[in-house]
Amino acid sequence: MGKFRKKPKGYFTTGEFAKLCGVKKQTLFHYDQIGILKPEIIGSNGYRYYSVLQFDTYNTIAMLKELDIPLSYIKEYLARRNPSSFLMLLKEHDTLIDEKISELLWLKTFIRGKIKITEEGIQARHSYIHIEYRPQEHYIITEYSGGPNNIDEYSAYANHLSHCHQNQIFSPYVTGGLIAVDGGYTSENYRYSHLYTKLTPEDIGYSSVNITTIPPRAYAVIYSTLGFNPVCSMLPRLIDFAVKNNYIPGKHFFEDILLDSASRSSLDEYIVKVALPISEKPQT
């Protein structure tokens, strides 16, 4: 312990050093207490003083903490530090940072996808039909063999999601369902012929699973802002819309959930989007 009663020249008080490091004094007190960064001098008045050379040590601690390394490990490293171990540490965590950047970029893409879907759901107008033109799209599609009851559908959803996750697919799009135009619905209910997940460009690059590519095309689209119950009556309306406007309807309806339990408390409040592929009749 030093004999200083006044601050020695070239040193910082705890408050000054904390300000230099951009942290609270309590952080330095804690580091001192656990022996990870002790002040270089303690005066006879009990005041702690840090040298400017300790700023590099603090930066190393802050860097390792940012990488979620426990303070106990940092303490062990500082106790046996040398140029070789420091170089090894830097190289190791350079790789970890690259992995963290990749994860954050994926998360950013995922969130942007969710923002786009949610904005469309908020703007949806119930029962309004319009034509939507889509670019080339990519899907993972699995066959559905269950009935129109919730138990079968939930089980199929779980299996479909498991299939996607096993193939490193974590899409922002909620699992959708294909409904056959011919025989896939009645006035009271409907059943899926397939389940699907729409992919982002990033998903395509990471996946080796079979991917279905759908070329650019037009769709007749209708929204239900009252959940799934109105869908049965909406399906024939899309067919009628296509026929009246001189379009050839596709073989399946695409049913997507835009707003689900993440933002809605009831199934009757889900925003459901139904799209029917359409193509122009050839001119004779």
Side-chain angles (χ1 to χ4, degrees), residues 67-69 92-121 134-181 184-185 189-217 219 227-228 231 250-264 267 270-277:
L67 295 171
D68 298 324
I69 297 176
E92 176 185 347
H93 288 92
D94 181 60
T95 301
L96 291 176
I97 289 172
D98 285 340
E99 293 174 358
K100 196 169 184 178
I101 289 172
S102 296
E103 291 174 359
L104 289 173
L105 288 174
W106 172 84
L107 183 59
K108 185 173 184 178
T109 299
F110 186 90
I111 290 175
R112 283 183 172 178
K114 282 293 186 185
I115 289 173
K116 182 178 179 181
I117 296 166
T118 302
E119 287 178 340
E120 182 180 358
R134 299 183 187 174
Q136 178 175 274
E137 296 177 320
H138 305 274
Y139 294 84
I140 289 182
I141 299 177
T142 57
E143 190 171 354
Y144 176 70
S145 58
N149 61 79
N150 289 342
I151 295 177
D152 286 352
E153 289 177 358
Y154 292 163
S155 177
Y157 283 153
N159 291 333
H160 177 85
L161 286 174
S162 177
H163 174 69
C164 291
H165 293 173
Q166 287 172 5
N167 289 279
Q168 301 302 305
I169 298 297
F170 299 90
S171 173
Y173 298 95
V174 176
T175 298
L178 292 178
I179 306 165
V181 168
Y185 65 96
N189 60 49
Y190 60 94
R191 70 179 297 274
Y192 303 122
S193 61
H194 299 79
L195 298 178
Y196 63 83
T197 295
K198 184 178 176 181
L199 307 182
T200 65
E202 290 73 19
D203 292 324
I204 299 168
Y206 282 112
S207 177
S208 60
V209 71
N210 290 335
I211 294 174
T212 299
T213 299
I214 298 180
R217 65 182 310 173
Y219 294 78
F228 299 95
V231 171
K251 295 182 178 180
H252 294 88
F253 300 96
F254 287 70
E255 181 193 73
D256 291 296
I257 304 171
L258 302 182
L259 298 185
D260 57 12
S261 59
S263 59
R264 297 291 196 180
L267 284 172
Y270 278 26
I271 307 297
V272 181
K273 176 182 181 179
V274 182
L276 174 66

For the student: nearest non-hydrogen atoms of [X] and [Y], plus distance:
X      : Y      : value
Ser171 : Thr197 : CB-CG2, 3.5 Å
His252 : Pro277 : O-CD, 3.0 Å
Ile169 : His165 : O-CD2, 3.1 Å
Gln136 : Pro216 : N-CG, 3.7 Å
Ala180 : Ser193 : N-OG, 4.3 Å
His194 : Glu143 : CD2-CA, 3.6 Å

Nearest-0.5 Å distance that lies between atom [atom1] in [X] and atom [atom2] in [Y]:
X      : Y      : atom1 : atom2 : answer
His93  : Asp98  : NE2   : CG    : 12.5 Å
Lys108 : Ile101 : NZ    : CD1   : 12.5 Å
Arg134 : Ile214 : CZ    : CD1   : 8.5 Å
Asn189 : Phe228 : CG    : CZ    : 14.0 Å
His138 : Lys198 : NE2   : NZ    : 10.0 Å
Leu104 : Ile111 : CG    : CD1   : 9.5 Å

Looking at Lys251, I want to see if its NZ is surrounded by more than 12 non-hydrogen atoms of other residues, nucleotides or ligands under 6.0 Å.
no

How about Ile151: does its CD1 atom have over 12 heavy atoms from other parts shown lying under 6.0 Å from it?
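At most 12 heavy atoms, drawn from other residues, nucleotides or ligands, come within 6.0 Å of this atom.
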
Can Ser162 and Gln166 be counted as having a side-chain donor-acceptor contact under 3.5 angstrom?
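Yes - a donor-acceptor pair under 3.5 Å links their side chains.
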
Below 30° counts as parallel, above 60° as perpendicular, anything between as tilted: where do the rings of Tyr219 and Phe254 land?
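Perpendicular.
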
Describe, in one word, how the ring planes of His163 and His160 are oriented to each other, choosing from parallel (under 30°), tilted (30 to 60°) and perpendicular (over 60°).
tilted

What residue among Asp260, Ile257, Ile117, Leu259 forms side-chain contact (heavy atoms from CB on, under 4.5 Å) with Ile271?
Leu259

Using ring centroids (six-membered ring only for Trp), state whether Tyr196 and Tyr173 fall under 6.0 Å.
no

Ring centroids only, cut at 6.0 angstrom: are Tyr185 and Phe253 within range, meaning strictly under it?
yes

Side chain to side chain, Leu199 and Ile211, heavy atoms closer than 4.5 Å:
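Of all side-chain heavy-atom pairs linking Ile211 with Leu199, at least one is under 4.5 Å.
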
Do the side chains of Thr109 and Arg112 get nearer than 4.5 Å, heavy atoms only?
no

Tell me whether Arg191 forms a cation-pi arrangement with Tyr144, defined as NZ or CZ under 6.0 Å from the six-membered ring centre and within 45 degrees of its axis.
no

Short question: side chain of Lys114, backbone of Pro172 - any donor-acceptor pair under 3.5 Å?
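Looks like yes, one N/O pair under 3.5 Å.
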
